[in-house]
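Written out below as structure tokens is the structure these notes cover.
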2 protein chains.
Amino acid sequence: MQTTERRERGSTRERILDVALELFLEQGYEKTSLREIADRLGVTKAALYYHFASKEDILLELHLRLHALGRDILDRFDVLDDEEIVRSWPGLLDEFIDRVIANRELFLLHQRNQSAIEQLAQNERHQAENEDIQQRFRRFLANDGLPLEARVRMACSLGAIFSALMGVGGVFGDVPDEEIVRYVRAAVRDLFPAG
Amino acid sequence: MQTTERRERGSTRERILDVALELFLEQGYEKTSLREIADRLGVTKAALYYHFASKEDILLELHLRLHALGRDILDRFDVLDDEEIVRSWPGLLDEFIDRVIANRELFLLHQRNQSAIEQLAQNERHQAENEDIQQRFRRFLANDGLPLEARVRMACSLGAIFSALMGVGGVFGDVPDEEIVRYVRAAVRDLFPAG
DNA sequence: GTCTATATTTCGATAGAC
DNA sequence: GTCTATCGAAATATAGAC
């Protein structure tokens with residue numbers, strides 16, 4: 001119970017990120033100007049620059065939150081041998097589905113602004129500490145130790161999850177999310193008959 | 001064998017579209033300037049405006065080619081009743097896979113520049129004659145006549161195909177495309193056990 | 001059809017007062 | 001921490017000669 005900065009709930013910095021995420025989803029990153037973000041927030045452009053060094057930094061901050069969601073899942077690969085990875089994959093997918101549902105907007109940001117996000121990786125501190133999660137997964141798919149068929153099906157399963165869950169909330173009509181998630185889990189399970 | 005304009009092979013207009021597609025994939029639509037397109041083509045910006053009314057028009061032209069690829073497949077839905085759609089879905093997917101492979105770059109353009117392309121739909125002649133293919137598919141997924149599970153699996157199957165085939169050529173290591181396609185077909189088939 | 005300008009606009013970013 | 005004011009750059013698009 002510190003008196004100051006107990007938690008950054010509702011701090012300006014957080015509100016900037018909220019509004020930015022909102023607008024980046026509506027209009028895309030490039031088409032969203034800092035003026036729009038500031039206007040919707042009721043401040044001026046210059047105020048944004050007190051909290052972030054650049055527009056790219058706002059996107060980077062949002063992207064890093066997505067990173068954090070996937071990092072510990074990917075980290076487990078490093079302690080598993082190839083065969084164990086294949087065996088534990090379906091279980092990992094179940095966790096993954098939960099996170100996609102709980103953080104749909106962050107995943108949507110990544111899906112709908114791929115070009116902008118890829119160029120984050122080239123520039124900045126994004127390199128030093130952060131190996132890009134997508135690159136890491138690509139390297140994983142190129143691993144000769146795993147049977148090609150298994151790798152293809154892994155890629156398929158991720159795409160299937162994204163495709164079915166990203167549009168959740170309207171696309172399938174007026175259906176509770178849980179029902180859709182149940183069907184997605186079943187479908188993905190059929191992609192790994194042995195598991 | 002007409003003497004003039006026999007076919008627009010290698011016409012400047014076509015070369016502009018080729019270079020634009022190339023750069024839109026490398027850098028994204030927004031980060032690509034008309035100057036870059038003109039430079040790589042060996043002409044000036046002004047020359048581009050002789051062939052296209054705006055930068056958006058270049059993207060629109062590329063997008064319409066993707067449209068044409070999917071339209072006749074979607075058109076067949078209109079003459080099928082709901083049950084027939086479910087039954088013929090796996091066969092349609094097989095055709096679809098062929099088209100994705102044959103036109104990978106156009107699909108990549110759509111995948112990596114979603115925000116830019118969605119805003120095409122709001123503005124222009126894109127509305128009059130063209131109902132957006134994505135909207136059409138969304139309406140399809142909302143159709144109550146089909147069992148929800150079937151619709152979820154349909155969405156999954158498309159995502160699986162995209163995810164596995166878009167990265168083809170490098171992502172899975174040095175493997176011929178045909179082999180990967182074969183595994184994708186098998187995987188997608190497992191999503192529709194009854195079919 | 002392509003060129004050399006140039007117009008026009010918008011955006012990201014900074015300086016400095018409060 | 002937020003403001004006013006402005007800079008400088010870059011982009012789209014146009015005008016008009018060749």
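The sequence lines fix the lettering, A, B, ..., with proteins before strands; numbering per chain opens at 1.
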Exercise for the section: Respond yes when some side-chain nitrogen or oxygen of B:Thr44 is under 4.0 Å from OP1 or OP2 of C:dC3, and no when none is. Expected result: yes
Handout entry: Distance, rounded to the nearest Å, where B:His51 contributes NE2 and C:dG1 contributes C1'
Key = 6 Å
Practice task
Could you tell me whether the phosphate oxygens of C:dT2, OP1 or OP2, come under 4.0 Å of any side-chain nitrogen or oxygen in B:Thr12?
Solution key: yes
Fill in the blank from the handout: Residues pairing under side-chain hydrogen bond (donor to acceptor under 3.5 Å, both in side chains) where one sits in residues 162-183 of chain A, two or more places apart or in two chains, turn out to be A:Arg104-A:Asp177
Practice task
Take the protein atom CG of B:Asp57 and the nucleotide atom C1' of D:dA13, then report the distance between them rounded to whole Å.
Solution key: 13 Å
Handout entry: Residues B:Lys31, A:Glu118: salt bridge by 4.0 Å N-O rule
Key = no
Exercise for the section: Take atom CD1 of A:Ile16 and atom P of D:dT2, then tell me their distance rounded to the nearest Å. Expected result: 7 Å
Handout entry: Set of residues satisfying ring-ring contact (aromatic ring centres under 6.0 Å, His included) with respect to B:Phe172, sequence neighbours excluded
Key = none
Exercise for the section: May I ask you to say whether B:Asp94 pairs ionically with B:Arg189, meaning some side-chain N is under 4.0 Å from a carboxylate O? Expected result: no
Practice task
Could you tell me how the ring of B:Phe137 sits relative to the ring of B:Trp89: parallel (under 30°), tilted (30 to 60°) or perpendicular (over 60°)?
Solution key: parallel
Handout entry: Footprint string (nucleotides 12-18 of chain C, 5' to 3'): B base within contact, S backbone only, - free, heavy atoms under 4.0 Å
Key = BBBB---
Problem - Between C1' of D:dA13 and CD1 of B:Ile37, the distance in whole Å - result: 14 Å
Practice task
Fit a plane to each ring of A:Tyr29 and A:Phe24, take the angle between them on a 0 to 90° scale, and name the class: parallel (under 30°), tilted (30 to 60°) or perpendicular (over 60°).
Solution key: perpendicular
Exercise for the section: Rounded to the nearest angstrom, tell me the gap between atom CG in B:Asp39 and atom P in D:dT12. Expected result: 12 Å
